[in-house]
**Q** 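Starting off with a structure, shown below.
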Number of protein chains: 2
Amino acid sequence: MPHKTQQRSSILEVMEELGRPVTPSELLKHASVKSPGLGLATVYRALKQLVKTGKSRKIEISGVPPHYEVFDKNDHHHFFVCEECLTMSVLDGCIGSFNKILPAGCRIKSHEVVIYGECKDCVS
Amino acid sequence: MPHKTQQRSSILEVMEELGRPVTPSELLKHASVKSPGLGLATVYRALKQLVKTGKSRKIEISGVPPHYEVFDKNDHHHFFVCEECLTMSVLDGCIGSFNKILPAGCRIKSHEVVIYGECKDCVS
DNA sequence: GTTGCTGCAAAAAGTTTGCAGGACG
DNA sequence: CGTCCTGCAAACTTTTTGCAGCAAC
């Protein structure tokens, strides 16, 4: 059974406070304020445990390094990546209905949609 | 101006023959038959050049290592990843219509859809 | 006290780069 | 013949692991 340590609490708090997908090194930077001396290995170990217990989710998409976000099964959403500033943001809602392109005989479990473009701050 | 070498031809041929997204090490394995002694660095350099000239595309999605495929702008498609055998396959067609979830003020350039599940060979 | 966690440093895995020689055009 | 490419090995980057000590329960 996992222990609730100061470091892991800090890491989860930072993810919740930022409210957007973050990278491990971003997490280290922010959580080090709450837990001085925090190491990157601890961040990776905490993330692995959060993913395993379903509290967090790893997001890997083209063009940006892996990000993690707090997972909430009632908040289904997708992502927008600005190709200009390489920031990842959350898109509410879902377009659904993938049946028409699915191959026969397979079982669908989940899906991911990523939209690439320029965010409103980078559209010039 | 790039030179047309035996190694690069082999690499592109293998991508065309397999007709599905492949990893750099898969490419090395298959292209080594046509070009004995081929090195992984050469595969990476060839892929970088193919991507830059628009002949190939890098696909990075959660759960599997980066793959590359021959790029054809008239063949828009998405991907299915079998969580069981970790194979990536191509889904023809597109569900389109992302406007309803797009944030205001941003410009959309492209999108990616990935469906996860079990392929027909792994559904038991 | 026992178990699990932490920081550090070393190890892995994947990708890139420097270099001397060779192929291409 | 100049330019670009190749294989090798070393360097880098990101992530994982071994270990001795410490914190949590």
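Order of the sequence lines fixes the chain letters, A, B, ..., with proteins taken first and strands second; residue numbering starts at 1 for each chain.
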**Q** Please determine whether a side-chain nitrogen or oxygen atom of B/Thr42 lies at a distance below 4.0 Å from atom OP1 or OP2 of D/dC5.
**A**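 It does not, given that no N or O in the side chain of B/Thr42 lies less than 4.0 Å from OP1 or OP2 of D/dC5.
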**Q** For C/dA23 and B/Gln7 - does any side-chain N or O of the residue sit under 4.0 Å from the phosphate oxygens OP1/OP2?
**A**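 So the side chain of B/Gln7 is outside the cut-off, no N or O lying under 4.0 Å from OP1 or OP2 of C/dA23.
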**Q** Toward the 5' end of DNA chain C, which comes first, B/Ala41 or B/Gln6, by nearest nucleotide?
**A**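 Nearer the 5' end of the strand: B/Ala41.
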**Q** Starting at the 5' end of DNA chain C, which residue's closest nucleotide do you reach first, B/Tyr44 or A/Pro2?
**A**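 Closer to the 5' end of DNA chain C: A/Pro2.
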**Q** Evaluate A/His77 against A/Phe79 for ring-ring contact (aromatic ring centres under 6.0 Å, His included), listing each step before the verdict.
**A** CA-CA 7 Å; A/His77 57 248; A/Phe79 303 100; 5.4 Å; yes
**Q** Please give, in whole Å, the distance from D/dT16 C1' to A/Leu28 CG?
**A**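 After rounding, the reported distance stands at 16 Å.
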**Q** Can you find an N or O donor on one side and an acceptor on the other, under 3.5 Å apart, linking the side chain of B/Arg45 with the base of D/dG7?
**A**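 Indeed there is one.
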**Q** What is the distance, rounded to the nearest whole Å, between atom CG of B/Leu47 and atom P of D/dC5?
**A**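 Rounded to whole Å, this separation is 14 Å.
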**Q** Take the protein atom CG of B/Leu40 and the nucleotide atom C1' of D/dC8, then report the distance between them rounded to whole Å.
**A**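 Going from B/Leu40 (CG) to D/dC8 (C1'), I get 12 Å.
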**Q** Picking from C/dT15, D/dT17, D/dT3, which would you name as closest to the side chain of B/Pro24?
**A**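 Within the option list, the nearest is C/dT15.
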**Q** Are A/Glu26 and A/Arg20 within salt-bridge range, i.e. N to O under 4.0 Å?
**A**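 A/Arg20 and A/Glu26: salt-bridged.
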**Q** Rounded to the nearest angstrom, tell me the gap between atom NZ in A/Lys52 and atom C1' in C/dC5.
**A**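 The answer, rounded to whole Å, is 13 Å.
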**Q** For a quick test of reading the model: is some side-chain N or O of A/Thr5 closer than 4.0 Å to OP1 or OP2 of C/dT6?
**A**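 True: A/Thr5 side-chain N/O within range (under 4.0 Å) of C/dT6 OP1/OP2.
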**Q** Nearest of C/dC5, D/dG7, C/dA9 to any side-chain atom of B/Leu38?
**A**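 Ranking C/dC5, D/dG7, C/dA9 by closest atom to the B/Leu38 side chain puts D/dG7 first.
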**Q** Look at the side chain of A/His3 and decide which nucleotide, out of D/dC25, C/dT15, D/dC5, has an atom nearest to it.
**A**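 The closest nucleotide is D/dC25.
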**Q** Is any NZ, NE, NH1 or NH2 atom of the basic residue among A/Arg57 and A/Glu112 found under 4.0 Å from an Asp or Glu carboxylate oxygen of the other?
**A**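 Looking at A/Glu112 together with A/Arg57, the answer is yes, because their closest N to O distance falls below 4.0 Å.
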**Q** Within this structure, what is the CD-to-P distance between A/Gln49 and D/dT16, rounded to whole angstrom?
**A**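 So the two atoms are 14 Å apart, to the nearest Å.
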**Q** Have B/His111 and B/His76 got a donor and an acceptor in their side chains that come within less than 3.5 Å?
**A**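 There is such a pair (donor and acceptor under 3.5 Å, judged by atom type) between the side chains of B/His111 and B/His76.
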**Q** For residues B/Cys85 and B/Glu118, determine if any side-chain heavy atom of one lies less than 4.5 Å from a side-chain heavy atom of the other.
**A**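 Result no, sub-4.5 Å side-chain heavy-atom pair not found.
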**Q** Using a 4.0 Å heavy-atom cut-off, does B/Pro65 contact any base of the nucleic acid, only the sugar-phosphate backbone, or nothing at all?
**A**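 The residue B/Pro65 makes no contact with any strand.
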**Q** Check the distance between C/dT15's P and B/Tyr68's OH and give it to me in whole angstrom.
**A**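 After rounding, the gap between these two atoms is 7 Å.
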**Q** Between atom NZ in B/Lys29 and atom P in C/dG14, what is the gap in whole Å?
**A**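 So the NZ-P distance, B/Lys29 to C/dG14, works out to 14 Å.
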**Q** Specify the separation, in whole Å, of atom CZ of A/Arg8 and atom P of C/dG7.
**A**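 It works out to 10 Å between those atoms.
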